[in-house]
Amino acid sequence: MSEQWSDFDSRRGLRDGSVELSRVGRVGQGPGPYEPYLLYDPNGEVVSEVSTWIRDLAVADLSPRTMRSYCYAALMWFRVLWTVHVSWDRATEAETAALVGWFMVAPNPQRRRSSGLPGGVNIKTGKPHLNAGYGAATVNLTLAAVRNFYEFHARWSRGPVLNPVPASAHRRKALSHRSPLEMKQPFRRAPYRRRASHALPRSIPDGQWVELFGSMTCDRDRALLECFVSSGARAEELLGARTSDIDWANQRLSVISKGTRERRWVPLSPEAMTWLGRYLGSSKVDPDDPLWRTLRGPQRPLSYSAARRIVQRANAAAETNWTLHDLRHTASIRMVNSGVLTLPEVQVVLGHADLHTTSRYAVPRAEEVIAKMQEFHARAHQPSPGYSPGYAAEDINAVFGARKRTDDVQG
């Protein structure tokens, strides 16, 4: 009985923040493409239940990045189970509540480099600062991954009788047998899911773009930023390119699309080609070498974290909070507002599967609307000249001349 009360106190402590979640276990590289990632327990042993699940996801042709995200979601879940001393096949909804409660009160270590007051708004960019905790997308992805983990084992008659992560019956009813021509029916979120925000994309204004580009300290960083804002490629797509993927004659770059994982061409501006030439001309490279490489120590591919640090250092100097993905937003809004490309053509360049996603970039930016409103308020609003009612038009013409119209008299 005392052990049960101890587990109860651990769950309650995770929810209110009085119990720290143990940073035990880790995610490591797997032996091959059909098991790209492994989850290790506190003793360094592989968690076989997660490995079996990951192999099934690999056979189902999920992308390696998705499997990596699911492995980290499973790591968070198992850390909760290890903290409350509950086996994975005896987990209940109480452990899910403990996990979500911990997400709500725990600080996110990835936000340590974020500048500005959490929850506030950056005056220069107009973007809100990230909160110190975990976002709604992280919570919802973790819950979706854990539910999928238990659904997989339930097909093989393993695990608890009830899935510890409840689903939404309203969502199943709203999405089942729905014609694509019908309007999307609203539905309630499943228990413990967080309300996700869908903010409109923001681009970097021209003045701040010049400041951001001018803060770059080497040709590699200048080439990287120019390739971002001219191609509109995602960070994963651009950072995964190789030197042989550049088509110098046609000013374009071959990248692997994030969704379909197929090759597609993205355009590059003349400025991007110039900076690429300066960057690649400073060192000897092979066609099979990664296009973006580190500059210090032994050469290795430039990771997403390293590329993000480039923008973070510029943010610290300029007191801004731009991100790598804002560079893609900047390229997209420039294309839409150019008057040269149609919306379907911008969709092809960006690699969107749905035109509705591309149409979000056609919505006017808040700063543009505010600038027009300031211009509207700056106009002189003077009342039109007129005369009090009751005077005859002939008398007004005799005194002030025939320039005044009869409408002015009546107005």
Side-chain angles (χ1 to χ4, degrees), residues 108 110-131 135-138 196-217 220-240 253 255 258 266-269 271-272 275 292 302-338 341 346-347 349-352 357-371:
N108 188 344
Q110 297 296 330
R111 306 287 171 84
R112 293 174 182 173
R113 296 186 183 273
S114 300
S115 59
L117 182 66
V121 176
N122 187 284
I123 300 300
K124 296 184 67 174
T125 65
K127 291 180 54 182
H129 293 292
L130 297 176
N131 293 320
T138 302
S197 60
H198 301 281
L200 290 175
R202 298 186 64 86
S203 66
I204 305 176
D206 294 339
Q208 295 191 35
W209 161 252
V210 172
E211 182 181 3
L212 176 65
F213 185 80
S215 64
M216 299 296 105
T217 58
R220 183 204 62 184
D221 298 348
R222 299 184 186 100
L224 182 63
L225 261 64
E226 281 289 353
C227 288
F228 265 122
V229 298
S230 63
S231 67
R234 302 176 181 89
E236 176 189 355
E237 298 171 346
L238 193 60
L239 294 176
L253 178 68
V255 298
K258 175 185 176 182
V266 294
L268 296 178
S269 65
E271 292 81 5
W275 288 111
W292 309 105
L302 187 71
S303 64
Y304 177 84
S305 299
R308 182 174 57 184
R309 281 296 297 146
I310 297 173
V311 181
Q312 287 177 343
R313 285 192 293 267
N315 285 333
E319 297 182 352
T320 54
N321 60 345
W322 299 116
T323 63
L324 277 179
H325 204 63
D326 289 329
L327 299 174
R328 174 175 165 86
H329 293 330
T330 303
S332 306
I333 292 179
R334 286 181 179 182
M335 294 176 193
V336 171
N337 295 337
S338 65
L341 299 174
V346 177
Q347 176 191 2
V349 175
L350 299 179
H352 287 156
T357 306
T358 313
S359 65
R360 298 175 68 239
Y361 295 100
V363 179
R365 293 175 291 178
E367 53 266 24
E368 294 177 347
V369 177
I370 292 175

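Because the structure is a prediction, the values reported are computed rather than measured.
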Close side-chain approach of Ser231 to Leu253, heavy-atom, < 4.5 Å: no
Answer whether the closest heavy-atom distance between the side chains of Phe228 and Thr330 falls below 4.5 Å. no
About how many Å separate OG of Ser338 and CD1 of Ile333, when rounded to the nearest 0.5 Å? 12.5 Å
Taking C-beta and beyond as the side chain, do Asn315 and Lys124 meet within less than 4.5 Å on heavy atoms? no
I'd like to check the side chain to side chain contact (heavy atoms under 4.5 Å, CB included) partners of Thr217; sequence neighbours left out, ordered by chain and number. Asp221
Students often mix this up, so state it plainly: with edges at 30° and 60°, are the rings of Phe213 and Trp209 parallel, tilted or perpendicular? tilted
When rounded to the nearest 0.5 Å, the distance separating OG of Ser269 from CZ of Arg334 is 9.0 Å
Under 3.5 Å donor-acceptor, Glu226 side chain and Ala223 backbone: no
Heavy atoms of Val336 and Ala362 approach each other most closely as CG1-CA, 3.9 Å
The reported gap from CD in Glu236 to NZ in Lys258 (rounded to nearest 0.5 angstrom) is 6.5 Å
Would you please name every residue forming a side chain to side chain contact (heavy atoms under 4.5 Å, CB included) with Arg360, sequence neighbours left out? Pro201
State, to 0.1 Å, how close Leu350 and Gly232 come at their nearest heavy-atom pair, and which atoms those are. CD2-O, 3.8 Å
Test of understanding: with salt bridge (charged side-chain N to carboxylate O under 4.0 Å, His left out), list the residues that count as partners of Arg328, not counting sequence neighbours. none
Ionic contact status for Glu271 with Arg222, cut-off 4.0 Å: no
Hey, what do you get for CG (Leu224) to CH2 (Trp275), rounding to the nearest 0.5 Å? 13.0 Å
Heavy-atom pair with the smallest gap, counting every atom of Thr320 and Ala314: OG1-O, 4.4 Å
Measure up the His352 and Tyr361 rings against each other and bin them: parallel (under 30°), tilted (30 to 60°), perpendicular (over 60°). parallel
Indicate yes or no: at least one non-hydrogen side-chain atom of Val121 is less than 4.5 angstrom from one of Lys127. no
Heavy atoms, side chains only, cut-off 4.5 Å: are Val349 and Val266 in contact? no
Which atom pair, heavy atoms only, marks the closest approach of Trp322 to Ser203? CH2-O, 3.5 Å
For Thr323, does its backbone N or O pair with a side-chain atom of Asp326 as donor and acceptor, under 3.5 Å? yes
Expected output: side-chain Asn321 to main-chain Thr125 donor-acceptor under 3.5 Å: no
Considering non-hydrogen atoms only, spot the tightest contact between Leu341 and Met335 and give its length. CD1-CB, 3.9 Å
Do you know which two heavy atoms are closest between Val229 and Ala331, and how far apart they sit? O-CB, 3.2 Å
Starting at CG of Leu302, measure out to CD1 of Ile310 and round the result to the nearest 0.5 Å. 5.5 Å
